[in-house]
Structure formats: C-alpha cells, structure tokens
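Before any comments, here is the structure.
Numbers restart at 1 for each chain; the letters A, B, ... are given by sequence-line order, proteins then strands.
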Protein chains: 2
Amino acid sequence: MGLIQIIKALSDETRLRILNLLRQGELCVCEIETILGITQSNTSRHLNKLTYANIVEFYKKAQYVYYKINEDILKRYSFIKEILDNELIREELYRTDLEKLRRYRESKLSCDDLRRNKVCFEEENQNLFIE
Amino acid sequence: MGLIQIIKALSDETRLRILNLLRQGELCVCEIETILGITQSNTSRHLNKLTYANIVEFYKKAQYVYYKINEDILKRYSFIKEILDNELIREELYRTDLEKLRRYRESKLSCDDLRRNKVCFEEENQNLFIE
DNA sequence: ATAATATATGAATATAAACGAATATAATCA
DNA sequence: TGATTATATTCGTTTATATTCATATATTAT
C-alpha cells in the first residue's frame with residue numbers, strides 16, 4: 001500500500017471514472033457498471049484494485065456491495081483529492097459520467113431497475129429512459 | 001499529453017527517483033544513471049517517457065543531454081508538485097538518492113569522472129569515493 | 001428447497017511495460 | 001582521420017495489466 005501502488009491505481013481511465021462517480025457518494029457495483037457501460041466482471045476487478053490500494057472501501061448490505069471513497073486516504077494523500085476535484089472536471093468524459101449519475105439519481109429508480117433493463121442510457125444523448 | 005499519460009509516467013519507482021533528483025536541478029543522463037545505479041539504456045528510456053509526458057525537458061550541450069523538470073507543468077498540474085515535494089521525502093529510498101546527489105555535488109567531480117569510474121557509490125553506506 | 005440476482009474469481013488472451021544486451025548515432029578528443 | 005564517449009534505439013525476453021467469458025458463491029425472493 002505504498003505511494004507507487006496508489007499512483008498505479010489512479011493511472012487508468014476506468015478507475016478514474018469510478019472514483020469520479022464515488023466522489024458524489026457511495027454506489028453499488030451494478031450502478032457503477034450500468035452508468036459507465038462496462039461489464040460486471042471488469043467493474044469488479046477495477047474496484048478490487050482500488051480497494052487493494054486502499055482508495056475505496058466497501059460494505060455489504062443484502063446482496064449488494066456498496067463502495068465508497070476512503071476519506072482518510074484523501075486526507076493523507078492530498079494529491080488524490082487534487083486529481084479528483086480539480087483535474088477530472090476539466091475533461092468531457094468525466095463530466096458526462098457525472099451527468100448520467102445525476103439523471104439516475106433524479107429518476108429515483110433503484111439499481112434493481114437498472115439491472116432489469118428498465119433503465120438505459122442512450123448512447124447518443126446520454127438520456128436516461130425507461131423501456 | 002493527457003492526465004492519464006502523466007499519471008502513468010509517475011507510476012514507476014525509477015521515474016519518481018529520476019524526478020526526485022531533477023527537483024534539485026538539471027542533470028545529464030550519465031549523472032542520473034550513476035547516482036541511481038541503473039543502466040544507461042534504461043535511464044534513457046525512462047527519460048524519454050517523462051519527456052513524452054511533458055514532465056521533463058532537455059537541452060544538448062556538447063555530447064551531453066541535460067534534463068530538467070518542466071516547471072510549467074508543475075504549475076498546471078499541481079498534484080505533480082504535491083507528490084514530488086511532499087510524498088517522496090517520506091520514503092527512505094528517495095532520501096538516500098538525494099544524499100548521494102548531495103555528496104556528488106559536494107565532491108566537485110564532473111560527470112566525466114563518474115563515467116571513468118573514478119567515482120563510485122559504495123553499496124553499503126552510499127559513500128562517494130574515488131578509486 | 002428452488003430460482004433468480006449480485007458479486008467475485010479463474011482461465012485465457014491481448015496488449016503494454018520494463019529491462020538488459022547489443023548496436024546505432026552523433027559529438028568530442030587525440 | 002580514427003578512437004572514444006554520451007545518448008538513443010532496436011531486439012528479444014519477461015512481467016504486468018486490462019479485458020472477456022464462464023463459473024463459483026452468497027444472498028434474496030418465491
């Protein structure tokens with residue numbers, strides 16, 4: 001759990017996208033995978049790496065596993081906070097992801113709805129819609 | 001020259017060691033390789049990566065190539081400065097490297113001397129000595 | 001108990017990264 | 001000019017990383 005390991009964990013776009021979402025509050029795995037449009041197994045693996053680097057932590061509730069940012073590590077390694085708060089916002093991709101998250105939260109739908117494909121993000125305009 | 005590329009460039013111990021040295025001022029390739037005890041080809045390749053990520057820049061003078069940190073990028077991406085100034089100092093390895101650099105500078109020897117093996121760093125105590 | 005669902009993991013593959021040894025290139029020195 | 005030196009680059013090898021598919025595990029719902 002050294003410095004290099006933390007920097008390596010941050011050196012991947014998908015993981016930065018995940019952290020960008022988690023900065024807004026905890027999410028379960030299926031919410032992350034649906035919002036980012038990546039596979040379940042890939043999501044799990046990236047979260048595993050972030051956990052191992054101690055950047056995120058999780059707790060289980062029913063069948064879900066909720067991940068959240070380890071706030072202690074943001075305090076200890078302020079450069080992580082710096083990246084998440086000041087760098088990601090500059091790039092379109094991360095802003096778009098946050099917009100999808102916002103729409104999902106606004107919709108008041110659950111992650112069950114997400115998985116049952118009642119909810120999708122259209123590719124073209126990132127709108128959340130119900131089938 | 002995006003964010004990911006910069007973070008990737010920082011996610012390697014050898015490159016952090018190089019940047020740690022360069023933070024004290026410019027150095028030519030052979031000085032870096034001798035102080036860090038890594039091969040010439042490896043040094044060159046890591047410097048190439050740092051250059052490509054725009055973290056360092058260089059100029060040529062006679063047969064030497066001098067590398068230095070690109071101060072503009074430290075201003076633009078303050079997390080880099082944060083890592084170099086506040087994180088590296090916490091680890092023994094980087095402190096030892098700086099100590100070697102200090103002894104080399106104190107010795108007033110040139111990088112020609114380094115290469116001609118008039119100067120070595122003993123493994124055990126990191127002392128600079130002249131053969 | 002059985003079925004369905006959320007998550008993790010094993011296995012396979014593809015791609016990238018790190019490294020040493022040898023070679024190429026370019027500048028300097030004798 | 002020819003020899004030496006500093007640096008970059010190529011090649012081959014090894015290791016690490018990202019990804020997908022399929023399967024295992026555990027929890028919930030019926």
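- Mapping A:Phe58 and B:Asp12 onto DNA chain C via the closest heavy atom, the residue that lands nearer the 5' end is A:Phe58.
- In this structure, the CD1 atom of A:Ile4 is 12 Å from the P atom of D:dT17, given to the nearest Å.
- Taking atom CD1 of B:Ile7 as the reference point, atom C1' of C:dA17 lies 17 Å away to the nearest angstrom.
- Side chain B:Arg45 to base D:dT10: a donor-acceptor pair is found below 3.5 Å.
- A:Lys60 comes within contact range of no nucleotide atom at all, as no heavy-atom separation falls under 4.0 Å.
- Using bins of under 30°, 30° to 60° and over 60° for the plane-to-plane angle, the ring pair B:Phe58/B:Tyr67 lands in the tilted bin.
- Using a 4.5 Å cut-off on side-chain heavy atoms (C-beta onward), A:Glu99 and A:Arg103 make contact.
- Atom pair B:Arg17:CZ and C:dA18:C1' shows a separation of 15 Å (rounding to whole Å applied).
- In this structure, B:Tyr67 reaches the sugar-phosphate backbone alone: every heavy-atom distance under 4.0 Å involves primed, P, OP1 or OP2 atoms, never a base.
- A heavy-atom distance below 4.5 Å is found between the side chains of B:Leu3 and A:Leu16.
- Side chains of A:Asp85 and A:Arg23 form a contact here, defined as non-hydrogen atoms less than 4.5 Å apart.
- For B:Tyr52 and C:dA16, the OH to P distance is 13 Å, given to the nearest whole Å.
- Take A:Arg17 and apply the salt bridge (Lys or Arg N to Asp or Glu O under 4.0 Å) test, not counting sequence neighbours, and it matches A:Asp97.
- Mapped onto DNA chain D by nearest heavy atom, A:Lys61 and B:Asn48 fall at different nucleotides, with B:Asn48 at the one closer to the 5' end.
- In this structure, of D:dT19, C:dT28, D:dT28, it is D:dT28 that holds the atom nearest to the side chain of A:Ala62.
- Judged by distance alone, with hydrogens and angles left aside, B:Gln40 brings no side-chain donor or acceptor close enough to the base of D:dA6 to form a pair under 3.5 Å.
- Within the 3.5 Å criterion, the main-chain N or O of A:Gln40 finds no donor-acceptor partner in the side chain of A:Ser44.
- Atoms CD1 (B:Ile38) and C1' (C:dA18) sit 11 Å apart, rounded to a whole Å.
- Whole-Å rounding puts the B:Ile32 CD1 to D:dT7 P distance at 9 Å.
- For the pair B:Leu10 CG and C:dA17 C1', the computed distance is 16 Å after rounding to whole Å.
- OP1 or OP2 of C:dC19 lies within a sub-4.0 Å distance of a side-chain N or O belonging to B:His46.
- Heavy atoms of B:Ser44 sit under 4.0 angstrom from at least one base atom.
- Closest approach to the B:Lys49 side chain among C:dC19, D:dA18, C:dA18 is made by C:dA18 (side chain taken as heavy atoms from C-beta onward).
- When distances run from any side-chain atom of A:Gln63 to the nucleotides C:dA8, C:dA17, D:dT28, the shortest one goes to D:dT28.
- C:dA17 atom C1' lies 11 Å from atom CG of B:Asn42, rounded to whole Å.
- For the OP1/OP2 pair of C:dG20 and a distance below 4.0 Å, the side-chain nitrogens and oxygens of B:Thr39 include at least one atom meeting the criterion.
- Note on A:Ser41: a base of the nucleic acid sits closer than 4.0 angstrom, heavy atoms only.
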